[in-house]
K.L.:
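Just dropping this structure here.
Side-chain atoms are counted along with the backbone in the values below, which use heavy atoms only and exclude waters and symmetry mates. Naming: A, B, ... by sequence-line order, numbering from 1 per chain.
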There are 2 protein chains.
Amino acid sequence: MRDIAAEVGIMPASLYHHFSSKEDLLVSVVSESVAKIQRAVDAAIEDIEEPWVRFTAAILAHVEALLDREGFQVLVMLTLPPEISDTARASLISHRNEYERRFTSLLSAFNTPDGTDQRVLANLILGMLNSIPIWYKVDGGSSPREIGQNILSLVKGAFAQ
Amino acid sequence: MRDIAAEVGIMPASLYHHFSSKEDLLVSVVSESVAKIQRAVDAAIEDIEEPWVRFTAAILAHVEALLDREGFQVLVMLTLPPEISDTARASLISHRNEYERRFTSLLSAFNTPDGTDQRVLANLILGMLNSIPIWYKVDGGSSPREIGQNILSLVKGAFAQ
DNA sequence: GTCTATACTACGATAGAC
DNA sequence: GTCTATCGTAGTATAGAC
């Protein structure tokens, strides 16, 4: 809380005018992050009918929103602090599940190979996407668009039409 | 430290007979976790020559070691605590990089599609693998072997021979 | 190798003035 | 909406007996 206050430029106590507790702030951050990505994906796919084009547009929008500066905070989508309360944990997991559900629905238009499970595939792909900030280099590495191309070349095999 | 001591069944102070600090303990946990996966992968591929078979064996061994009970600690491979010291951070990152380097070398036998980068592909695949514990359900969900099948069906597209 | 006891610090949160 | 001041607690770590 002290670090966040310093970043914002106010005293730690002033944070409690905006958030009732540390956990409340965390839940807000995650909610905002997920909502930001969700909005970007929705905007990217709204006019697209063809399933594969729609799916690839969603992936690219997700990656770009994730890496679009100040978007790195979505890393908290990945791991939940173990000491968190049950109510906060339930709230955070529900946000993750809601996004996962929508993402999975993008896959339902495809015939996936025998032995595959669309929910497992969706979780695998989302895990891959959301891990990018861990190794992404802002300067000198691959651009979000180049990373997106690598992702699509990986993913296309499971959804050959 | 109190939680860990309670889990082990000793007093918090007794931990300092085995580790010089909290960070020292963290570095040990990560080192052990990475080494455990590395050993499992090495054992799985040592007698295999054919690149694709070798690569798939490495992926399956990685997933099984990751999910093999008490292996969940490797989750710390993913995100580093922001408050960690520079020396501890450097140590943890070097373990991650060493494993990434070896994993990337398994890809060097393949012709990857135009526009792809083998290091990016390796990072994407590792991010996907190491995210599995986040959504993996011990009871009722897919087994490690089933998850492995889904992974291979995703990955095979980028390395068609 | 584990214990008791404790020092010291960092943290989350509150009260009340402005 | 932000401040100053501070409370209470939990955290990491140390000292020294057994």
Side-chain angles (χ1 to χ4, degrees), chain A residues 1-36 39 68-98 130 133-134, chain B residues 1-36 39 69-97 130 133-134:
Chain A
M1 300 299 275
R2 285 167 158 85
D3 289 349
I4 292 170
E7 196 74 25
V8 180
I10 61 178
M11 289 289 110
S14 305
L15 288 174
Y16 288 84
H17 179 74
H18 305 276
F19 304 95
S20 65
S21 68
K22 182 185 172 183
E23 283 197 341
D24 180 43
L25 193 158
L26 174 65
V27 171
S28 292
V29 169
V30 176
S31 302
E32 289 284 329
S33 296
V34 177
K36 177 187 167 185
R39 281 194 302 272
D68 179 32
R69 305 288 156 168
E70 84 226 59
F72 274 57
Q73 72 272 40
V74 191
L75 201 55
V76 291
M77 271 181 73
L78 287 171
T79 45
L80 302 181
E83 71 275 13
I84 209 172
S85 75
D86 285 348
T87 56
R89 161 168 285 110
S91 172
L92 297 175
I93 289 179
S94 79
H95 282 103
R96 186 150 82 202
N97 286 348
E98 168 65 11
N130 291 327
I134 293 171
Chain B
M1 299 301 273
R2 287 176 211 271
D3 290 349
I4 292 170
E7 195 75 26
V8 180
I10 59 178
M11 289 288 109
S14 304
L15 288 174
Y16 288 84
H17 178 75
H18 305 274
F19 304 95
S20 67
S21 68
K22 182 185 172 182
E23 284 197 341
D24 180 43
L25 193 158
L26 174 65
V27 170
S28 291
V29 168
V30 176
S31 302
E32 289 284 329
S33 296
V34 176
K36 176 186 166 184
R39 282 193 303 272
R69 305 289 155 168
E70 84 227 58
F72 273 57
Q73 71 271 42
V74 191
L75 201 55
V76 291
M77 271 181 73
L78 287 172
T79 44
L80 302 181
E83 71 274 16
I84 210 172
S85 74
D86 286 348
T87 56
R89 162 168 284 109
S91 172
L92 297 176
I93 289 180
S94 79
H95 282 104
R96 186 151 83 201
N97 287 348
N130 291 328
I134 292 170

K.L.:
Please report the shortest heavy-atom distance between A/L92 and A/V27, naming the atom on each side.
P.N.:
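Smallest heavy-atom distance, with atoms named: CD2-CA, 3.9 Å.
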
K.L.:
Measure from CG on A/L25 to C1' on C/dA13 and round the result to the nearest Å.
P.N.:
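Going from CG in A/L25 over to C1' in C/dA13 covers 13 Å.
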
K.L.:
Below 4.5 Å, heavy atoms only, C-beta onward: do A/R96 and B/I134 meet side chain to side chain?
P.N.:
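SC-SC contact between A/R96 and B/I134 confirmed.
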
K.L.:
Whole-Å distance between D/dT2 C1' and A/I4 CD1?
P.N.:
17 Å

K.L.:
Starting at atom CD1 of B/I10, determine the distance to atom C1' of C/dT4, rounded to an integer number of angstrom.
P.N.:
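Going from B/I10 (CD1) to C/dT4 (C1'), I get 14 Å.
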
K.L.:
Rounding to a whole Å, what distance do you find between B/H17:NE2 and C/dT2:P?
P.N.:
7 Å

K.L.:
Under the salt bridge (Lys or Arg N to Asp or Glu O under 4.0 Å) test, which residues partner A/E32, sequence neighbours left out?
P.N.:
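Testing A/E32 for salt bridge (Lys or Arg N to Asp or Glu O under 4.0 Å), a comparison that skips the adjacent residues, returns none.
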
K.L.:
What integer distance in Å separates A/F19:CZ from C/dT14:C1'?
P.N.:
18 Å

K.L.:
Report each atom pair, protein N/O against N/O of nucleotides 16-18 of chain D, whose distance is under 3.5 angstrom.
P.N.:
none

K.L.:
Can you tell me how far OG of A/S20 sits from CG of A/L25, rounded to the nearest 0.5 angstrom?
P.N.:
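Going from CG on A/L25 over to OG on A/S20, the span is 9.5 Å.
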
K.L.:
What does the list of N/O pairs under 3.5 Å between the protein and nucleotides 11-14 of chain D look like, with a distance for each?
P.N.:
| residue | atom | partner | partner atom | Å |
| --- | --- | --- | --- | --- |
| D/dG11 | OP2 | B/R2 | NE | 3.2 |
| D/dG11 | N7 | B/R2 | NH2 | 2.5 |
| D/dT12 | OP1 | B/K22 | NZ | 3.0 |
| D/dT12 | OP2 | B/M1 | N | 3.2 |
| D/dA13 | OP2 | B/Y16 | OH | 2.7 |
| D/dA13 | OP2 | B/K22 | N | 2.7 |
| D/dA13 | O5' | B/Y16 | OH | 3.4 |

K.L.:
Determine whether A/D3 and B/E83 make a side-chain contact, defined as any pair of heavy atoms from C-beta on separated by less than 4.5 Å.
P.N.:
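The answer is no, as the side chains (C-beta and beyond) never meet within the 4.5 Å cut-off.
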
K.L.:
As an exercise, state the distance from CG of A/L26 to OG of A/S28, rounded to the nearest 0.5 Å.
P.N.:
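It is 8.5 Å, given to the nearest 0.5 Å.
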
K.L.:
Distance from A/S85 atom OG to A/K22 atom NZ, nearest 0.5 Å?
P.N.:
11.5 Å

K.L.:
Check the distance between C/dT14's P and A/M11's CE and give it to me in whole angstrom.
P.N.:
19 Å

K.L.:
D/dC3, OP1 or OP2 - any side-chain N/O from A/S14 closer than 4.0 Å?
P.N.:
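Yes.
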
K.L.:
Is it the case that the side chain of A/S91 and the backbone of A/T87 share a donor-acceptor pair, with hydrogens and angles ignored and the cut-off at 3.5 Å?
P.N.:
no

